[in-house]
> 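This is the structure I have questions about; it appears just below.
Each ligand, and each atom within it, is numbered from 1 in the order the structure gives. What you see is a predicted model; the values in this text were computed from it and never measured.
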Amino acid sequence: MLKIVMKFGGTSLVDGNFKRLAEIVAEHARKKDKIVVVVSALAGVTDSLLEASHKAKNGRIDHVLKFTKDLERKHILGVNKSITSDYWRNKVKRKVKEVIEDLKNVLTGIAYLGELTPKSKDYVLSFGERLSTWIAWGTIRDYGLKSQYFTGETAGILTNSNFGEATPLLNVTKHQVKRRLESLIQKGVIPVVTGYIGVTQDGATTTLGRGGSDYSATIVGASIKADEVWIWTNVDGLMSADPQIVPSARLIPEVSYQEATEMAVFGAKVMHPKALEPAMEENIPVRIRNILNLKNPGTLI
Ligand code: ADP
Ligand code: ASP
Ligand code: MG
């Protein structure tokens, strides 16, 4: 019986299909493991939000409308692929539409003001995770498991106000996350938390830097003193080089926190450079695993 935080990267949610995520979670729930799920935006969505925020600043209302419509369609398609029952499908579709409506209002505001601040940009960038996490939640519920939706804010990830690359205030964060999630986990409820997002003391949304969902996962892991943190992605683990550039790259089965951090700092995108700090502090092993190759044990950090 393990307590595991599982982070699902955008690349692991292939074509917006969350069924693999739910199957993995269900398998561990059957073994009575205690699971917390951390979810990234679907692949490409954060980049498209960034682009949309700049176009909005330039007054492109036409793009705001087209963009939000396309983004809604993409996520509704994901809902249809992932969730079987009408009940959970309709519930999640309503949530997706609500989130899209909020995003449309924010982007419209930016377009009217012609002003994009670091603060408003972070709020826009947070919408990919707000959307994907509802689908993860609904798919897990559709598999008959108990689950509760959290954003980084409601889970209690408090940060400074360095928008775009915020630093978590770890002591308060650990205390808050533990208080909000631990009793649920013990009751067999699976908290599903947006990656990448934190909140300042005065309630503004922050992001933890690009690729920051890995960081969210280890922050949550350290808070609940997880036995392990698993990073699900689209490659077998940490490799000697980027396998998409160097096909002969070798898998590194085991590596220290220091070595993995060094590789992340020098560009191994599979791990956020700061993500291993909270894990190291609490001595929590981190595994990187390939959602498309479950037989492979991946990298153990
Ligand atoms: P996710 O959406 O799962 O967070 P990322 O794109 O952030 O995925 O990270 C996974 C990608 O990192 C892989 O597809 C791979 O191309 C790239 N990558 C770069 N360097 C490495 C490395 N040394 N080992 C493994 N993957 C790497
Ligand atoms: N969605 C965010 C990004 O693209 C965070 C992440 O994927 O980890 O940077
Ligand atoms: Mg990543």
> For Pro243 and ligand 1, does the shortest N/O to N/O distance drop below 3.5 Å?
no
> Hey, which atoms in ligand 1 end up nearer than 4.0 Å to a heavy atom of Gln244?
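Taking each heavy atom of Gln244 in turn, ligand 1 has 13 (C), 14 (O), 15 (C), 16 (O) under 4.0 Å.
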> Would you say CZ of Arg250 has more than 12 non-hydrogen atoms from neighbouring residues, nucleotides or ligands within 6.0 angstrom?
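Counting other residues, nucleotides and ligands, CZ of Arg250 stays at 12 neighbours or fewer.
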> Checking a contact table here: which protein heavy atom is nearest atom 10 (C) of ligand 1, and how many Å away?
Thr233 OG1, 3.6 Å
> So between Lys7, Arg250, Lys269, whose heavy atom ends up nearest atom 4 (O) of ligand 1?
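Result: the heavy atom closest to atom 4 (O) of ligand 1 is in Lys7.
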> Which residues pass the side-chain hydrogen bond (donor to acceptor under 3.5 Å, both in side chains) test with Asp15, not counting sequence neighbours?
none
> Does any non-hydrogen side-chain atom of Pro285 lie less than 4.5 Å from one of Leu300?
yes
> Heavy atom to atom 11 (C) of ligand 1, shortest distance: which of Asp236, Thr11, Thr46, Asn234 holds it?
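Minimum heavy-atom distance to atom 11 (C) of ligand 1 goes to Asn234.
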> For ligand 1, which is the ligand I care about here, please tell me if Gly10 has any N or O atom under 3.5 Å from one of the ligand's N or O atoms.
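Yes; at least one N/O pair falls below 3.5 Å.
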> What protein heavy atom sits nearest atom 24 (N) of ligand 1, and how far away is it?
Met239 N, 2.9 Å
> Taking transitive links into account, so neighbours of neighbours count too, which hydrophobic residues share a cluster with Tyr112 at under 4.5 Å side-chain distance?
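Tyr112 clusters with Ile61, Leu65.
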> Less than 3.5 Å apart, any donor N or O on the side chain of Thr154 or Thr151 sitting next to an acceptor on the other?
yes
> Side chains of Thr205 and Glu153: any donor to acceptor distance under 3.5 Å?
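Yes, because at least one side-chain N or O of Glu153 sits under 3.5 Å from a partner of the opposite role on Thr205.
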> Flag Ser12 as yes when one of its N or O atoms lies below 3.5 Å from any N or O atom of ligand 1, and as no otherwise.
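No, there is no polar N/O contact under 3.5 Å.
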> Pick out which of Thr159, Leu158, Ile157 makes a side chain to side chain contact (heavy atoms under 4.5 Å, CB included) with Leu169.
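Among Thr159, Leu158, Ile157, the one meeting side chain to side chain contact (heavy atoms under 4.5 Å, CB included) with Leu169 is Leu158.
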> What's the shortest distance from atom 25 (C) of ligand 1 to any protein heavy atom, and which residue and atom give it?
Gly237 O, 3.2 Å
> May I ask whether Ala249 places a heavy atom under 4.0 Å from ligand 1?
no
> State, yes or no, whether a side-chain contact exists between Val92 and Arg141 at a heavy-atom distance under 4.5 Å.
no
> Protein residues near ligand 2, heavy-atom distance below 4.0 Å?
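If the criterion is a heavy atom under 4.0 Å, then ligand 2 touches Ser40, Ala41, Thr46, Glu129, Tyr196, Arg210, Gly211, Gly212, Ser213.
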> Starting from atom 12 (O) of ligand 1, locate the nearest protein heavy atom and write down its residue, its atom name and how far away it is, to 0.1 Å.
Val270 N, 3.5 Å
> Would Leu116 and His54 count as a side-chain contact (heavy atoms from CB on, under 4.5 Å) if you check the C-alpha gap in whole Å, the side-chain angles of each, and the deciding distance to 0.1 Å?
CA-CA 7 Å; Leu116 180 65; His54 287 289; 4.0 Å; yes
> If you link I, L, V, M, F, W and Y whenever their side-chain heavy atoms are under 4.5 Å apart, who else ends up in the same group as Val246?
Ile245
> Per the ring pair (Phe, Tyr, Trp, His ring centres under 6.0 Å) rule, which among Phe18, Trp134, Trp137 passes with Trp88?
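Per the ring pair (Phe, Tyr, Trp, His ring centres under 6.0 Å) rule, the option paired with Trp88 is Trp137, out of Phe18, Trp134, Trp137.
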> Show, in sequence, the C-alpha distance, side-chain angles and deciding distance for Lys19 and Glu23, and conclude whether the salt bridge (charged side-chain N to carboxylate O under 4.0 Å, His left out) test is met.
CA-CA 6 Å; Lys19 281 194 165 152; Glu23 272 159 22; over 6 Å; no
> Among all protein heavy atoms, pick the one closest to atom 15 (C) of ligand 1 and tell me residue, atom and distance.
Asp242 OD1, 3.4 Å
